[in-house]
2 protein chains.
Amino acid sequence: MRIGELARLTGVSPRSLRWYGEQSLLRETRTSGGHREYDDDAVERVRIIQVLFAAGVPARHVAGILPCVDTGTTTPAMVARLEEERTRLRAQAAELAATLERLDEVVVETRLRLLAA
Amino acid sequence: MRIGELARLTGVSPRSLRWYGEQSLLRETRTSGGHREYDDDAVERVRIIQVLFAAGVPARHVAGILPCVDTGTTTPAMVARLEEERTRLRAQAAELAATLERLDEVVVETRLRLLAA
DNA sequence: CTTGAACCTGACATGCATGTCAGATCTTAC
DNA sequence: GTAAGATCTGACATGCATGTCAGGTTCAAG
């Protein structure tokens, strides 16, 4: 598929998709005229990239995490990086959950206070 | 306590703590000489702020979420904003968890591939 | 073959949180 | 009161992902 369709399917702007390509996060082939061409896997891949970005993983780390970017090869360094980042994300998810709990408490307290007023 | 101690306790730079103050994320009083003074709650508060930042909540939203910043007042708008953000964070936490699952799969697959090689 | 939509490259701009540096002022221990 | 360390303000710089704009090329439908 071409960049417009991928953008539509993922909600990510063409500008960003081109940048993902530059950063080797996304595999792209070219038509004879130079237009980018993506295969169907790209949709899922873009979604994962977005989640990782939202979790604060910088692009240069994502490139080191997601295997098979260009060559299909996977190095032990990639596995190490992946496990490392996975650990970090687990910790972050736990902290986020704890903070959500606290926010829940605040909501309840605040509602009570407003009811009393 | 003063800014240096708060920085040490939280791991957040004095520069950032001053900026939190500017953005009304953090309550600060001043000594007669103009130095910032924080009370003990600030430590916990800074930690929460950091978790929210890591979850992608921009500072201007944080200011609207955490109640009682200066005045101790809490408006219905704050509650609405808080619940809204809470919903977003829950969705994000779920997505993050799903992505972690997928990364786990990739780790296993990759290990197998490496073992086979 | 033409035309309008989609795409290309390249450059500059933005928002956000933080880093860094300079020069001045405050605080505290002696 | 003085010296050393902590803090102040204000300004400029950085990294990251994205937005935007301009001028040109390609694609596909008629």
Side-chain angles (χ1 to χ4, degrees), chain A residues 1-39 42 45-66 69 85 88-89 92 95-96 99, chain B residues 1-39 42 45-66 69 85 88-89 92 95-96 99:
Chain A
M1 85 190 69
R2 270 171 304 168
I3 200 168
E5 190 179 357
L6 183 56
R8 198 168 34 76
L9 291 177
T10 59
V12 174
S13 72
R15 169 71 176 84
S16 294
L17 294 176
R18 288 189 197 104
W19 188 76
Y20 294 178
E22 273 174 30
Q23 309 300 311
S24 301
L25 306 183
L26 204 53
R27 168 117 105 139
E28 49 186 37
T29 56
R30 299 298 184 115
T31 69
S32 53
H35 286 195
R36 270 162 263 252
E37 193 79 28
Y38 304 91
D39 46 274
R45 194 172 177 102
V46 168
R47 296 225 166 96
I48 292 184
I49 291 172
Q50 288 276 296
V51 172
L52 292 176
F53 281 178
V57 182
R60 65 182 184 285
H61 284 31
V62 175
I65 288 176
L66 296 183
V69 177
E85 207 72 38
R88 208 183 59 75
L89 292 181
Q92 185 172 331
E95 271 187 338
L96 184 50
T99 296
Chain B
M1 84 190 73
R2 272 172 303 171
I3 202 169
E5 191 178 356
L6 184 56
R8 199 168 34 74
L9 291 176
T10 59
V12 175
S13 73
R15 168 69 177 85
S16 294
L17 294 176
R18 289 190 197 103
W19 188 76
Y20 293 178
E22 274 174 29
Q23 310 299 312
S24 303
L25 305 184
L26 206 51
R27 170 118 105 140
E28 48 186 39
T29 56
R30 299 297 184 117
T31 70
S32 52
H35 285 194
R36 270 162 264 250
E37 193 79 29
Y38 304 92
D39 45 274
R45 194 171 176 102
V46 168
R47 297 224 167 98
I48 292 184
I49 292 172
Q50 287 277 296
V51 172
L52 293 177
F53 281 178
V57 182
R60 66 183 183 285
H61 283 32
V62 175
I65 288 177
L66 295 182
V69 177
E85 208 72 39
R88 210 182 58 75
L89 291 181
Q92 185 171 333
E95 271 189 339
L96 185 50
T99 296

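When reading the values below, keep in mind they use all heavy atoms of this one structure, side chains included, and skip hydrogens, waters and symmetry mates. Chain A is the first sequence line, chain B the second, and so forth, proteins listed ahead of strands; every chain is numbered from 1.
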Report yes if a side-chain nitrogen or oxygen of B:Ser16 is closer than 4.0 Å to either non-bridging phosphate oxygen (OP1 or OP2) of C:dA17; otherwise report no.
no
Give a yes/no answer on whether the side chain of B:Tyr20 brings an N or O atom under 4.0 Å of OP1 or OP2 in C:dA17.
no
Out of C:dC8, D:dC16, D:dC8, whichever nucleotide has its closest atom nearest the side chain of A:Ile3
C:dC8
Rounded to the nearest angstrom, tell me the gap between atom [atom1] in [X] and atom [atom2] in [N].
{"X": "A:Gln23", "N": "D:dG15", "atom1": "CD", "atom2": "P", "answer": "13 Å"}
{"X": "B:Arg18", "N": "D:dT7", "atom1": "CZ", "atom2": "P", "answer": "8 Å"}
{"X": "B:Ile49", "N": "C:dA17", "atom1": "CD1", "atom2": "P", "answer": "11 Å"}
{"X": "B:Leu17", "N": "C:dG19", "atom1": "CG", "atom2": "C1'", "answer": "14 Å"}
{"X": "A:Trp19", "N": "D:dG15", "atom1": "CH2", "atom2": "P", "answer": "13 Å"}
{"X": "B:Arg60", "N": "C:dA17", "atom1": "CZ", "atom2": "P", "answer": "8 Å"}
{"X": "B:Glu22", "N": "D:dC8", "atom1": "CD", "atom2": "P", "answer": "12 Å"}
{"X": "B:Phe53", "N": "D:dC16", "atom1": "CZ", "atom2": "P", "answer": "19 Å"}

Going by salt bridge (charged side-chain N to carboxylate O under 4.0 Å, His left out), name the residues that satisfy it together with B:Arg88, two or more places apart in sequence or in a different chain.
B:Glu85
What residues form a salt bridge (charged side-chain N to carboxylate O under 4.0 Å, His left out) with B:Arg60, not counting sequence neighbours?
none
Sorted by chain and residue number, the ring pair (Phe, Tyr, Trp, His ring centres under 6.0 Å) partners of A:Tyr38 (sequence neighbours excluded) come out as none
Only counting residues at least two apart or in another chain, list the ones meeting side chain to side chain contact (heavy atoms under 4.5 Å, CB included) with A:Glu22.
A:Trp19
Can you list every side-chain hydrogen bond (donor to acceptor under 3.5 Å, both in side chains) pair that touches residues 47-57 of chain A, not counting sequence neighbours?
A:Tyr20-A:Gln50
Does any pair with a residue in residues 7-16 of chain B pass side-chain hydrogen bond (donor to acceptor under 3.5 Å, both in side chains), and if so which ones, sequence neighbours excluded?
B:Ser13-B:Ser16
Regarding A:Arg30, tell me which of base, sugar-phosphate or nothing describes its non-hydrogen contacts under 4.0 Å with the strands shown.
sugar-phosphate
Which part of the nucleic acid, if any, lies within reach of A:Gln50 when heavy atoms closer than 4.0 Å are counted: base, sugar-phosphate only, or nothing?
sugar-phosphate
Could you go step by step and tell me if A:Phe53 and A:Val12 meet the side-chain contact (heavy atoms from CB on, under 4.5 Å) rule?
CA-CA 12 Å; A:Phe53 281 178; A:Val12 174; over 6 Å; no
Might you list the N or O atoms of the protein lying below 3.5 Å from N or O atoms in nucleotides 20-24 of chain D, with each pair's distance?
unit_1, atom_1, unit_2, atom_2, d
D:dT20, O4, A:Arg15, NE, 3.1

What N/O pairs connect the protein and nucleotides 25-27 of chain D at under 3.5 Å? Give each pair on its own line.
unit_1, atom_1, unit_2, atom_2, d
D:dC27, OP1, A:Thr31, OG1, 3.1
D:dC27, OP1, A:Gly33, N, 3.1

Are the side chains of A:Glu37 and A:Arg30 in touch, meaning some heavy atoms are under 4.5 Å apart?
no
Given the rule in the side-chain contact (heavy atoms from CB on, under 4.5 Å) test, do B:Leu89 and B:Leu52 qualify, once you have shown the distances and angles that lead to the verdict?
CA-CA 9 Å; B:Leu89 291 181; B:Leu52 293 177; 3.9 Å; yes
